[in-house]
*Asks:* 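Here it is, the structure in full.
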2 protein chains.
Amino acid sequence: MARNPKQNKANRPRTRGAARPATAKQAVRRTRATADSPYHHGALRDALLQAAEKVLERDGLPGLTLRAVAREAGVSHAAPTHHFGDLTGLLSELAAIGYRQFNEAMRAANVSGTPQEKGMASAKAYVAYAQAHPGLYGLMFRTERLDMKRPALHEAANVAFAGLARGVGASRHEHIEAEALSLEQAGAIARAWSMIHGFTMLLLDNRMANILRRLPKGTTMDQLFEAMLKSPPPRPPV
Amino acid sequence: MARNPKQNKANRPRTRGAARPATAKQAVRRTRATADSPYHHGALRDALLQAAEKVLERDGLPGLTLRAVAREAGVSHAAPTHHFGDLTGLLSELAAIGYRQFNEAMRAANVSGTPQEKGMASAKAYVAYAQAHPGLYGLMFRTERLDMKRPALHEAANVAFAGLARGVGASRHEHIEAEALSLEQAGAIARAWSMIHGFTMLLLDNRMANILRRLPKGTTMDQLFEAMLKSPPPRPPV
DNA sequence: GCAAAATCTTTACACTGTCAAAATGGCATC
DNA sequence: GATGCCATTTTGACAGTGTAAAGATTTTGC
């Protein structure tokens with residue numbers, strides 16, 4: 001689409017059939033398939049997803065095209081179609097991977113300590129994951145480019161939400177039945193999620209830098225994040 | 001790019017020169033320019049921005065292309081280039097309009113009442129604006145598609161931030177000097193902004209519906225929003 | 001073995017952004 | 001009023017994109 005002409009084009013040339021050790025006879029018969037580059041890839045689906053993640057974090061969401069992914073994986077431009085149907089399908093499966101990675105990171109951060117310590121550790125792990133995988137995190141919430149009805153994506157996103165609800169419940173010293181919430185519980189979940197997701201998005205969109213710039217020199221984003229979490233609610237105590 | 005084949009194509013045919021009342025002689029000389037469709041539009045820049053907003057809210061961000069905007073405005077596909085340079089330029093100017101609309105909506109909502117009432121009214125106006133202009137709000141925070149160095153966009157976004165900081169300061173009964181913040185002030189601003197922006201994004205991305213579905217039947221999004229704002233901070237009072 | 005299915009490539013088409021050249025008409029200057 | 005400059009708009013071209021259809025190749029089921 002030539003939308004972003006700055007995107008990497010160095011590794012454009014197809015790598016398949018680059019060094020072709022076939023005999024002359026074979027060369028007549030089979031012009032492409034070689035030992036190190038068989039016609040059937042074998043695990044192309046996973047290879048494409050890996051390539052997609054690489055392209056996404058290197059060139060950003062605008063550079064994440066079906067053809068760019070195919071190039072990165074060294075296959076023809078239409079190969080991804082068979083595995084994902086269309087671009088939305090590929091993005092959705094990639095987002096599902098993102099949610100699973102995210103869930104794993106959150107699980108790893110939520111190991112020990114008081115409920116308050118766990119909450120802070122989870123919040124920091126949340127932001128840290130998004131900073132480590134900015135493209136992926138952005139994709140995970142770009143609903144217009146995803147098909148949330150895909151089972152893999154739907155399920156992985158639901159697991160993420162359940163983990164969030166459980167964490168909020170723990171910090172309130174109560175067990176949250178994720179399928180039926182009270183308004184108060186839902187408010188607490190919405191508050192925690194909105195605040196951390198909002199901070200993360202503003203951070204990735206470079207908006208938090210505007211606040212940081214107005215703070216005393218040397219103040220870090222981490223300090224701002226902690227100050228936000230510890231900030232009292234907007235209503236003064238009467 | 002044919003990325004979203006569902007996008008509206010009904011109004012494709014150029015409207016210029018549709019009804020051409022020119023004489024035969026004129027028709028020989030000038031094949032396109034007519035009374036109601038002169039070669040020089042006169043106010044094409046504004047017309048393009050209006051068309052862009054229309055296309056954005058109708059077909060979403062993926063459907064907002066230079067050529068679609070030109071079609072909507074009834075001019076040739078390359079006409080926007082002269083006024084905006086490239087697609088990023090058009091999107092940035094459109095985002096600037098969004099910020100100005102947003103600022104006006106916030107100003108209108110912040111008229112009377114106690115600081116608490118003003119805060120609640122502002123928060124509701126914030127979400128209401130985003131719901132009324134979902135495409136525009138999404139564009140305003142899609143940094144990778146914008147050029148924040150454009151003066152119009154930069155300034156309008158700064159005005160929005162200043163208004164936010166002022167509002168938070170008022171709810172804390174203090175005057176906030178937007179250029180130099182204390183860590184506590186910054187934390188309060190980050191908290192308010194993150195929470196409302198996060199809620200808005202989750203709402204537009206259809207994530208809040210998941211919470212609402214788990215609430216007692218009949219509960220509205222507005223109730224959830226209020227419950228979130230009134231929810232106590234996650235740390236229990238020791 | 002062999003037909004069928006799965007996988008991958010090739011080809012084609014409509015769409016996109018952007019550039020360059022041509023066309024058009026407003027406007028200041030003579 | 002004529003003229004020439006210049007902003008504005010159109011036309012045409014090119015490379016890149018998604019996706020559909022048809023062909024090529026390999027695996028798999030029987």
Side-chain angles (χ1 to χ4, degrees), chain A residues 1-9 12 14-17 22 26 28-35 37-48 52 55 59 61-71 73-91 145, chain B residues 1-9 12 14-17 22 26 28-35 37-48 52 55 59 61-71 73-91 145:
Chain A
M1 95 193 67
R3 193 178 263 165
N4 184 9
K6 292 184 291 285
Q7 73 193 52
N8 187 322
K9 290 177 183 166
R12 176 112 49 91
R14 301 266 315 277
T15 51
R16 304 193 72 177
Q26 285 175 326
V28 170
R29 194 61 193 84
R30 43 173 74 177
T31 53
R32 343 201 52 73
T34 61
S37 168
Y39 196 102
H40 279 42
H41 184 286
L44 183 53
R45 201 191 129 94
D46 288 347
L48 286 171
V55 171
D59 302 331
L61 194 49
L64 182 54
T65 68
L66 275 180
R67 289 169 111 108
V69 170
R71 279 195 297 272
V75 294
S76 82
H77 69 261
T81 299
H82 182 260
H83 294 279
F84 303 103
D86 57 3
L87 179 58
T88 298
L90 175 81
L91 297 183
R145 305 286 303 269
Chain B
M1 96 192 66
R3 192 179 266 165
N4 184 9
K6 293 183 291 282
Q7 74 192 52
N8 188 321
K9 291 177 182 164
R12 177 114 47 92
R14 299 268 315 276
T15 52
R16 306 193 72 178
Q26 283 175 328
V28 172
R29 196 59 193 84
R30 42 173 73 173
T31 53
R32 339 205 52 77
T34 61
S37 170
Y39 197 102
H40 279 43
H41 186 287
L44 183 54
R45 200 191 129 96
D46 288 347
L48 286 171
V55 170
D59 303 331
L61 195 48
L64 182 55
T65 68
L66 275 180
R67 290 169 110 108
V69 171
R71 279 195 299 271
V75 294
S76 81
H77 68 261
T81 298
H82 182 259
H83 295 278
F84 303 103
D86 57 3
L87 178 58
T88 298
L90 176 83
L91 297 183
R145 305 285 304 268

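Bear in mind that the values here come from a model prediction, so they are computed numbers and not experimental data. What you see below is based on every heavy atom in this structure, not just the backbone, and it leaves out hydrogens, waters and symmetry mates. The sequence lines fix the lettering, A, B, ..., with proteins before strands; numbering per chain opens at 1.
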*Asks:* Nearest 0.5 Å, what's the NE2-CG distance between A:His83 and A:Leu48?
*Replies:*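 Taking NE2 in A:His83 and CG in A:Leu48, the distance rounds to 6.0 Å.
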*Asks:* Nearest whole angstrom, please: distance from the P of C:dT18 to the NE2 of B:His82.
*Replies:* 16 Å
*Asks:* At less than 4.0 Å, is any side-chain N or O atom of A:Arg71 found next to OP1 or OP2 of D:dT17? Yes or no.
*Replies:* yes
*Asks:* Between A:Phe84 (CZ) and D:dA20 (C1'), how many Å, whole number?
*Replies:* 18 Å
*Asks:* Does the pair A:Phe84 and A:Leu66 meet the rule for a side-chain contact (heavy atoms from CB on, under 4.5 Å), with working shown?
*Replies:* CA-CA 10 Å; A:Phe84 303 103; A:Leu66 275 180; 5.8 Å; no
*Asks:* Which nucleotide sits closest to the side chain of A:Ala78: D:dG18, D:dA21, C:dG17?
*Replies:* D:dA21
*Asks:* Assuming nearest nucleotide by heavy-atom distance, tell me which of A:Leu66 and B:His77 is located more 5' along DNA chain D.
*Replies:* B:His77
*Asks:* Using a cut-off of less than 4.0 Å, is there contact between a side-chain N or O of A:Thr81 and OP1 or OP2 of D:dT19?
*Replies:*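 Indeed not, no polar side-chain atom of A:Thr81 lies that close.
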*Asks:* Measure the distance from CG on B:Leu87 to P on C:dC19 and round it to the nearest whole Å.
*Replies:* 12 Å
*Asks:* Do B:Val69 and B:Leu64 have side-chain heavy atoms sitting under 4.5 Å apart?
*Replies:*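 They are in contact (side-chain heavy atoms under 4.5 Å apart), so the answer is yes.
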*Asks:* Please report the distance, rounded to the nearest Å, between CG in B:Leu61 and P in C:dT16.
*Replies:* 14 Å
*Asks:* Enter the distance from B:Ser76:OG to B:Arg67:CZ here, rounded to the nearest 0.5 Å.
*Replies:*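 If we round to the nearest 0.5 Å, B:Ser76:OG and B:Arg67:CZ are 9.5 Å apart.
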*Asks:* Using the salt bridge (charged side-chain N to carboxylate O under 4.0 Å, His left out) criterion, which residues pair with A:Arg45? Sequence neighbours excluded.
*Replies:*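 Per chain and number, A:Arg45 pairs via salt bridge (charged side-chain N to carboxylate O under 4.0 Å, His left out) with A:Glu93.
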*Asks:* Would you kindly give the CG-to-P distance between A:Leu64 and D:dG16, to the nearest whole Å?
*Replies:* 18 Å
*Asks:* Do B:Arg67 and C:dT18 share a donor-acceptor pair, side chain to base, under 3.5 Å?
*Replies:*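 In this structure, the two groups form a donor-acceptor pair.
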*Asks:* Where is the tightest heavy-atom contact between B:Pro62 and B:Thr65, given as atom of each residue plus distance?
*Replies:* O-CG2, 4.0 Å
*Asks:* Reading 5' to 3' and counting Watson-Crick or G-U wobble pairs with both distances under 3.5 Å, write the dot-bracket notation for DNA chain C, | for bases paired outside the strand.
*Replies:* ||||||||||||||||||||||||||||||
*Asks:* Over how many whole Å does the gap from B:Arg45 atom CZ to D:dA7 atom C1' extend?
*Replies:*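 After rounding, the gap between these two atoms is 15 Å.
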*Asks:* B:Leu91 has an atom CG; how far is it from atom C1' of C:dG17, in whole Å?
*Replies:*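 Taking atom C1' of C:dG17 as the reference, CG of B:Leu91 is at 12 Å.
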*Asks:* With the side chain of A:His83 defined as its heavy atoms from C-beta on, choose the nearest nucleotide among D:dA21, D:dT9, C:dC8.
*Replies:*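 Nearest listed nucleotide: C:dC8.
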*Asks:* Any side-chain N or O of B:Ser76 under 4.0 Å from OP1/OP2 of D:dT9?
*Replies:* no
*Asks:* Mind checking the CG-CZ spacing from A:Leu61 to A:Arg145? Nearest 0.5 Å is all I need.
*Replies:*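 That separation rounds to 5.0 Å.
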*Asks:* Taking the side chain of B:Asp86 as heavy atoms from C-beta outward, which of C:dT18, C:dC8, D:dT9 is closest to it?
*Replies:*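 My answer, after comparing the listed nucleotides, is C:dT18.
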